[in-house]
Chemist: 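Please read through the structure below; I'll follow up with questions.
Letters A, B, ... mirror the listed sequences (proteins, then strands); counts begin at 1.
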Amino acid sequence: MDTNMSERPVIEITGARKLFGAVKALDGADFAIAPGECVGLVGHNGAGKSTLVNVINGGLGLNEGQITLSSGQVSSDFSIRVARAQGIRCVFQELSLCPNLSVVENMRIAHSGLSGPGWRSQARSMVDELLDKIFPGHGIDSGRAVSELSIAQRQMAEIAIAFSSHGAPTALVILDEPTSSLDASRAEQLIAYVKTFNAAGGAVIFISHILGEVLDVSDRIVVMRDGKVVSDKPSSAFTVGSLVQAMGSVAAESAGRRTVAKRAVSEAPVIAFPRERDAVEFEAFKGELVGLAGLSGHGQTQLIVDLFMSVSGDWWARREPVAAFVAGDRIVDGVFPIWSILLNMTIAVLGRWQRFGLTDRAQEAEYGRTWHEKIGIRTPNLDHPILSLSGGNQQKALFARALGTSAPLVLMDDPMRGVDIGTKQDVYQMLREEADSGRTFIWYSTEMDEVCVCDRVYVFREGRIVRELEGDAVSEENILAASFGERVA
Amino acid sequence: MKTLFSADSLRILVPAFSLAALLAAVFYLQPRTMSYMGLNLMFNLAVPIALATIAQMLIIAVNDLDLSIGAFVSFAACVTATFLESDPLIGLIILAAAVGVYALMGVVIYLRNLPAIVVTLGMSFVWSGLAVLLLPSPGGSAPEWIRAIMTSRPPFVPMAIIASVLIAIVAHLIVMRSSFGVVMRGVGGNSRSVERAGWSVVKVRAMTYALAGTFAVIAGIVLVGLTTAADANIALRYTLLSIAGVILGGGEFVGGRVSPIGAVIGALTLTLAASFLSFLQISPDWQIGVQGAILIIVLAIRLLLNRRERREKRA
């Protein structure tokens with residue numbers, strides 16, 4: 001390795017800013033990684049980790065900021081293609097191989113240069129060799145379709161494909177939760193390989209919710225919070241405890257929360273959902289705001305869906321619904337995009353004004369007016385299409401849809417994604433009032449300030465509930481500690 | 001044992017067994033079909049259907065559906081029976097332009113994020129209209145060369161069988177073996193991951209549509225070679241036959257899981273099913289219904305096998 005080369009970072013990003021609507025995903029972050037270095041990247045939900053990763057691999061453009069390539073040249077049109085030509089590869093958190101293709105054929109997708117006669121045998125020998133090197137005894141037949149492999153095998157195959165090089169040498173590999181489906185011994189094999197890869201001059205960015213692993217593998221750890229890099233030190237300067245502390249913000253006043261009146265011991269929960277795998281049994285009581293916390297994708301949505309399924313009818317809708325659902329991913333399972341705001345609000349309760357199979361329009365409009373005022377949707381006319389509203393106001397219409405039902409239980413799947421702070425305050429207020437009048441809310445949120453509003457919080461890790469926090473114990477520090485699997489001493 | 005009954009080999013085995021069973025039944029009912037002439041007569045018309053089925057399969061491989069195949073093959077047949085016969089150069093230019101339109105359709109569907117079903121349904125009326133303009137009433141004549149190819153009598157194996165095998169091999173090489181085919185199926189399987197690897201998805205889709213258009217054009221030419229004349233409605237039923245053929249042959253509507261060999265077998269099975277029903281002396285009025293029933297039965301068998309396999313995998 002040329003010593004001059006190794007002094008230049010593989011990639012350097014300065015003053016990165018990226019906005020998604022009102023949300024600042026990156027707010028002036030600086031990041032650089034040198035050849036032969038392994039950098040751990042940690043932070044809670046929404047800290048900007050995935051945005052930063054997507055900027056580095058060329059998938060997202062910046063609103064502001066500068067990207068410098070290893071040649072020292074400032075790149076004005078950084079894209080996936082440029083990133084790949086620089087030798088930047090990425091293993092994504094969710095499986096990103098083509099399941100219908102074999103491992104060998106996925107190599108072809110990853111390396112556009114692999115073509116011409118004999119590409120198959122070339123790809124096969126490349127990927128087999130790397131798999132043997134990284135995960136000895138992997139048992140993967142690289143000629144088989146990815147969909148026929150086990151989850152762990154798929155992840156191993158994806159990692160091997162990312163480290164393989166054809167044409168441009170692999171300079172930087174981003175591993176986003178690479179060990180989430182691997183058992184401990186496989187994870188150790190990966191960490192050992194990362195170290196040999198580093199020794200040969202390759203750079204690695206390592207993202208994991210298992211902080212012990214990050215401390216073990218990285219030379220340097222970058223902690224992100226609110227789109228900024230808040231700490232950037234050699235990993236020897238961190239412990240698990242100090243990392244958790246660095247991820248949290250200064251303990252904010254949890255103004256929204258009230259002191260919960262002591263529940264009678266005998267009080268029966270509105271809903272209980274015991275599952276064998278949980279460390280704490282899930283229960284929710286009348287008039288409660290129950291939060292589901294933890295890193296995103298650790299089983300919270302699954303619990304909400306299971307809960308909803310367990311109380312709703314199989315074939316026929318129930319006359320009096322037990323649970324109403326507020327979707328978080330508005331576009332996928334929230335709004336009816338070509339309908340008006342009013343129709344979007346009334347779909348859940350349409351049966352009320354039915355006469356001879358027809359809807360009484362006047363009553364429907366009256367209902368719309370009531371909720372328009374009550375919930376403060378910012379529009380002059382409810383007959384406008386739903387998509388004319390801002391994201392936050394669309395979400396208010398969806399809240400109106402759920403709250404208008406008689407359901408005593410409201411399930412919310414991270415409903416405030418991409419909603420501005422003003423709307424959030426309105427909604428907190430409304431939830432609080434509804435809870436006081438006896439409704440129960442189960443609220444999955446990826447945002448810390450929202451979780452801290454809740455009366456009681458279940459923290460998830462790896463698909464199970466690992467901790468229950470109540471009252472004053474609901475704090476950012478405790479939630480972080482539980483979701484990263486360590487107790488702060 | 002394990003590889004023989006894996007999902008991929010089942011994809012081929014089920015349609016192959018269905019074809020063999022149907023063929024055995026036909027031979028039993030009408031032993032005279034077990035001859036050079038008999039086989040040729042039974043499978044002759046399967047050749048253009050097999051080509052159209054491959055075209056449909058390519059579109060399905062990238063998670064779209066083409067409802068204009070039938071109208072497009074009819075249009076290609078009309079061009080073959082008129083321009084390609086009288087002015088070969090102009091005929092070729094028209095057919096090449098039609099393939100270009102197919103590529104463009106693939107681009108528009110992707111860039112504007114339109115449902116392929118709607119776009120191709122609309123286009124089917126355009127192709128039908130153009131075909132009627134070319135041949136308001138049935139007529140035209142087949143170019144000499146294609147007539148010669150389609151009526152040739154190679155020794156031992158009838159032309160229809162040779163052509164079907166050839167189509168299956170060529171399509172298999174393109175879709176399953178070539179490096180382009182891998183990327184194409186990758187787009188069907190996980191288009192985001194293909195994009196993240198630095199490929200231009202729009203280019204891949206344009207090429208896929210162009211390739212489908214090419215196969216459909218060849219289907220039209222071959223059809224005229226068999227029938228010697230064309231008509232604007234000659235191949236309208238190919239749309240549904242081709243979709244049924246792909247599914248019968250082990251393809252799936254989404255996920256880039258297709259099988260070219262299976263698709264050809266599926267097309268042969270559908271053609272044979274019609275002969276089988278005539279030999280059973282079922283009136284033509286009922287034939288379409290029975291054909292549908294055969295399709296449902298084969299799909300049900302496949303579903304059962306898939307489900308059992310999934311259960312075994314979980315255990």
Chemist: Please name the pair of heavy atoms, one in B/Y238 and one in B/G70, separated by the smallest distance, quoted to 0.1 Å.
Modeler: CB-CA, 4.0 Å
Chemist: Let me know if B/M184 has heavy atoms under 4.5 Å from chain A in its side chain, its backbone, both or neither.
Modeler: neither
Chemist: More than 12 heavy atoms of other residues, nucleotides or ligands under 6.0 Å from CE of B/M123: is that the case?
Modeler: yes
Chemist: Over all heavy atoms of both residues, which pair between B/P15 and B/I265 is shortest? Give the atoms and the distance, please.
Modeler: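 Where B/P15 meets B/I265 most closely, the heavy atoms are O-CG2, 3.5 Å.
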Chemist: Strictly by modelled atom types, are B/S68 and B/Y102 linked by a side-chain donor-acceptor pair under 3.5 Å?
Modeler: yes
Chemist: Between A/K49 and A/D176 (salt bridge meaning N to carboxylate O under 4.0 Å), is one present in this structure?
Modeler: no
Chemist: Give the member of B/R177, B/E252, B/R196 that has the highest number of heavy-atom pairs under 4.5 Å with chain A.
Modeler: B/R196
Chemist: For A/R108, is it the side chain, the backbone, both, or neither that has a heavy atom closer than 4.5 Å to a heavy atom of chain B?
Modeler: both
Chemist: Give the member of B/G188, B/G186, B/G181 that has the highest number of heavy-atom pairs under 4.5 Å with chain A.
Modeler: B/G186
Chemist: Applying side-chain hydrogen bond (donor to acceptor under 3.5 Å, both in side chains) to A/Q73 and A/T68, what does each step give before you reach the verdict?
Modeler: CA-CA 6 Å; A/Q73 192 188 345; A/T68 314; over 6 Å; no
Chemist: Residues of residues 118-128 of chain A under 4.5 Å from chain B (heavy atom pairs)?
Modeler: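 So far as heavy atoms go, A/W119, A/R120 are the residues that approach chain B to under 4.5 Å.
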Chemist: Under 3.5 Å, is there a donor-acceptor pair between the B/Y209 and B/D66 side chains?
Modeler: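 Result is no, nothing qualifies.
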Chemist: Of the backbone (N, CA, C, O) and the side chain (C-beta and beyond), which part of B/S178 lies under 4.5 Å from a heavy atom of chain A, both, or neither?
Modeler: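 Contact with chain A is through the backbone of B/S178 alone.
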Chemist: Nearest heavy-atom pair of B/R257 and A/S147: which atoms, and what distance?
Modeler: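 Answer, listing the atom of B/R257 first, then A/S147: NH1-OG, 3.4 Å.
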Chemist: How about A/F336: does its CZ atom have over 12 heavy atoms from other parts shown lying under 6.0 Å from it?
Modeler: yes
Chemist: When heavy-atom pairs shorter than 4.5 Å are enumerated against chain B, which of A/G59, A/A110, A/S79, A/P99 gives the highest number?
Modeler: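 Most heavy-atom pairs under 4.5 Å with chain B: A/P99.
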